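If you're wondering where the values come from, they're calculated on a predicted model, not measured in any experiment. By convention here, the first residue in the shown sequence is residue 1.
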Amino acid sequence: MTGTNGLAQKIAEDFVHAWTSKNVDKALSLLADDVVCEAPTGTFEGVEGYRGFLEPFATSLVSATVIDVLGNDTNAATVYTTDTPLLKDFRGIDYFTVENGRITRVISIFDMLPMHKARSAVQP
């Protein structure tokens, strides 16, 4: 782990390790009730909105590697790579804002092209 040590970094590290080990409920417990996530697939609001985004992906993981967690007391970023039944070495970055000990905003960055190609390859 690199970067400075701070509250947001610790929360982001706990968050990424929870969902990459398929513990979605633990990951969601770190979110503020009014969390907002911006991702290539849309904007997701509230814990249940975020669950709809995270849970299908997290529960499909074959493996995941957390490459790094960078942060301070208010902001953090996680860098990771995942394998699913359809995608190998699928990489992503999440950028977090933390207020009052909870994640209030997530900007999730990943390339949709490998996902579209994988889905096209398995459809008749």
**Q** So which heavy atom on Pro56 is nearest to which on Gly52, and how close?
**A** CD-O, 3.3 Å

**Q** Would you check, one step at a time, whether the test side-chain contact (heavy atoms from CB on, under 4.5 Å) holds for Phe15 with Thr78?
**A** CA-CA 9 Å; Phe15 181 82; Thr78 58; over 6 Å; no

**Q** The criterion is side chain to side chain donor-acceptor pair (under 3.5 Å); which residues satisfy it with Tyr80, sequence neighbours excluded?
**A** Asp94

**Q** Could you name each residue pair satisfying salt bridge (charged side-chain N to carboxylate O under 4.0 Å, His left out) that touches residues 79-91, not counting sequence neighbours?
**A** Asp89-Arg91

**Q** Could I get the full list of side chain to side chain contact (heavy atoms under 4.5 Å, CB included) partners for Ala8, not counting sequence neighbours?
**A** Ala76, Val98

**Q** Counting only N and O atoms by type, is there a donor-acceptor contact under 3.5 Å from the side chain of Thr97 to the main-chain atoms of Thr104?
**A** no

**Q** Of the non-hydrogen atoms in Leu7 and Gly101, which two are nearest, and what is the gap between them?
**A** CD2-CA, 4.2 Å

**Q** Minimum heavy-atom separation for Ala58 and Val24, please, with both atom names.
**A** CB-CG2, 3.8 Å

**Q** Could you work out, with ring pair (Phe, Tyr, Trp, His ring centres under 6.0 Å) as the rule, every residue matching Tyr95, not counting sequence neighbours?
**A** none

**Q** To the nearest 0.5 Å, what is the distance between CG on Asn75 and CD on Glu99?
**A** 9.0 Å

**Q** Just to verify, what does Thr82 make a side chain to side chain donor-acceptor pair (under 3.5 Å) with, not counting sequence neighbours?
**A** none

**Q** For Phe57 versus Ser60, what's the shortest heavy-atom pair and its separation?
**A** O-OG, 2.8 Å

**Q** How far does OG1 of Thr41 sit from CZ of Phe53, to the nearest 0.5 angstrom?
**A** 4.5 Å

**Q** If I take atom CG from residue Asp34 and atom CZ from residue Arg102, how far apart are they, to the nearest 0.5 angstrom?
**A** 12.0 Å

**Q** With a 4.5 Å cut-off on side-chain heavy atoms, are Asp25 and Asn23 touching?
**A** yes

**Q** Please report the shortest heavy-atom distance between Ser108 and Cys37, naming the atom on each side.
**A** CB-SG, 4.4 Å

**Q** Would a 4.5 Å heavy-atom cut-off, applied to side chains only, mark Trp19 and Leu61 as touching?
**A** yes

**Q** Sequence neighbours left out, what passes side chain to side chain contact (heavy atoms under 4.5 Å, CB included) with Asp14? Give chain and number order.
**A** Lys10, Leu30

**Q** If the condition is side chain to side chain contact (heavy atoms under 4.5 Å, CB included), which residues does Val66 pass it with, not counting sequence neighbours?
**A** Val16, His17, Thr20, Val69

**Q** Going hydrophobic residue to hydrophobic residue with side-chain gaps under 4.5 angstrom, can you get from Phe96 over to Val36?
**A** no

**Q** Please identify each residue that fulfils side chain to side chain donor-acceptor pair (under 3.5 Å) with Thr74, with sequence neighbours left out.
**A** Asn72

**Q** Could you note down all residue pairs passing salt bridge (charged side-chain N to carboxylate O under 4.0 Å, His left out) where residues 54-64 supplies at least one of them, sequence neighbours left out?
**A** Arg51-Glu55

